[in-house]
Amino acid sequence: METGGSIFNAMLQEFDGAARLLGLDPGVWKILTHPKRQITVSLPVQMDNGEIEVFTGYRVQYNITLGPAKGGIRYHPGVTLDEVTALAAWMTWKCAVAHVPFGGGKGGIIVDPNRLSRRELEALTRRYIAEIVDAIGPEKDVPAPDVNTNDQIMAWIMDTYSMHVGHTATAVVTGKPIEMGGSLGRREATGRGVMIVTREAAKHLGLEIKEARVAVQGFGNVGSVSADLLSKQGARIVAVTDWKGGVYNDKGLDITKMLDYAKQHKSIDGFPGGETIDNPKLFALDVDVLVPAALENQITLENAPTIRAKIVAEGANGPTTPDAHKYLHERGVFVIPDILANAGGVTTSYFEWVQDRHGYFWEEDEVNKRLEAKMCEAFKDVLDTSIRYKTDLRTAAYLVAISRVATVTKMRGMYA
Ligand code: GLU
């Protein structure tokens with residue numbers, strides 16, 4: 001079925017399939033397919049050349065039934081309200097699958113941050129937070145990093161919010177620098193989660209992760225850490241692409257060297273360890289595992305027939321269109337859906353929020369041990385559900401998520 005290019009419609013298609021299987025109450029169905037709150041703000045910024053530019057920012061709180069809204073903020077020229085709403089819905093289902101007490105939210109600013117100076121980036125971030133300051137807070141809505149945002153931006157968010165409320169409020173945002181209330185292990189958590197579920201999927205399918213050949217699309221926070229940790233499990237990373245270029249080496253790429261190279265050059269383009277490769281070729285490689293860790297709508301009906309991977313681990317949010325997903329599932333590809341595969345980030349964000357609220361911080365081993373347990377539990381819940389309902393893992397993840405949110409929606413009852 002066509003989604004008309006709308007990412008929110010793609011989310012609805014996934015939702016409806018699972019809601020039907022579950023026999024979801026029609027009233028709850030209606031509630032869960034509408035965003036609770038969508039905020040649009042105009043953000044004037046004085047640029048370094050003295051001129052004023054006005055950017056547009058969004059924050060969507062899709063659902064807060066299970067707890068404060070939770071989800072990242074992305075800076076990208078392609079951001080739309082439709083996309084942010086879909087991403088906020090996916091955060092709702094992701095938090096429910098990961099079994100952490102949060103609702104779902106997401107934010108975005110239409111901007112190419114690479115074209116801003118550091119001062120302009122800080123001014124934009126602070127103005128955005130000032131505009132949404134009444135809507136966020138440790139008990140209300142807790143942002144985090146996403147595409148093109150990092151720990152420095154989270155530090156500015158924490159500071160701006162704290163200045164407005166008149167005291168230091170570390171738990172208003174996660175993914176902060178360690179020195180100011182960040183959690184050890186948070187930066188690596190999404191990639192670590194991808195590694196854990198890929199390893200569990202391989203175990204389930206009787207594949208050896210040690211011999212697995214892996215291709216990774218994207219070398220940002222998620223793609224780079226997934227590649228690094230999978231290679232540390234003994235897998236061979238044969239290809240990586242990013243926003244600028246790509247590298248292929250059948251014998252395997254040295255990910256440690258690639259991480260250094262990417263830090264220096266802001267891209268892996270030109271990395272000397274192999275030949276050049278583009279995305280269509282990367283998708284078509286003869287690999288065991290494909291990790292799409294870039295943006296939405298990357299795997300479509302056009303390129304899905306070329307995919308030879310046995311496992312697709314969705315590091316990105318929404319990388320596979322519903323039609324392409326159906327096609328891959330019918331061909332027997334084991335697709336680990338985004339709301340499970342990349343839930344490691346928000347799970348460790350939950351740990352960060354808990355540590356901030358306690359004012360007591362855990363060792364990195366403790367964080368990683370708890371993440372391992374949470375990801376394995378989520379993987380098992382989804383796998384067991386897929387077997388019980390004889391369905392694909394994405395539908396099973398939605399079944400788990402919707403039933404958890406629906407149960408509490410009914411328990412809380414209707415106010416009005
Ligand atoms: N942006 C990440 C995601 O899409 C993390 C969100 C969070 O930690 O709140 O899951």
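Order of listing sets the numbers, starting from 1, for every ligand and every atom in it.
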Among all residues two or more places apart in sequence or in another chain, which pass the ring-ring contact (aromatic ring centres under 6.0 Å, His included) test with Y350? F102
Does R187 come within less than 4.0 Å of D151, counting only side-chain N to carboxylate O? no
What are the distances between nitrogen or oxygen atoms of ligand 1 and protein nitrogen or oxygen atoms, counting only those under 3.5 Å?
| unit_1 | atom_1 | unit_2 | atom_2 | d |
| --- | --- | --- | --- | --- |
| ligand 1 | 1 (N) | P145 | O | 2.9 |
| ligand 1 | 1 (N) | D146 | OD1 | 2.7 |
| ligand 1 | 4 (O) | K94 | NZ | 3.1 |
| ligand 1 | 4 (O) | K106 | NZ | 3.0 |
| ligand 1 | 4 (O) | D146 | OD1 | 3.4 |
| ligand 1 | 4 (O) | N317 | ND2 | 3.1 |
| ligand 1 | 8 (O) | R186 | NH2 | 3.0 |
| ligand 1 | 8 (O) | S349 | OG | 2.6 |
| ligand 1 | 9 (O) | K70 | NZ | 2.7 |
| ligand 1 | 10 (O) | K94 | NZ | 2.6 |

Does the gap between the ring centers of F379 and H204 come in under 6.0 Å? no
Would you list the pairs meeting salt bridge (charged side-chain N to carboxylate O under 4.0 Å, His left out) in which at least one residue belongs to residues 99-109, sequence neighbours left out? K106-D146
Would you mind listing every side-chain hydrogen bond (donor to acceptor under 3.5 Å, both in side chains) that reaches into residues 160-174, with sequence neighbours excluded? K70-T174, R126-T160, T174-S349
Are M47 and L116 side-chain neighbours, meaning at least one heavy-atom pair lies under 4.5 Å? yes
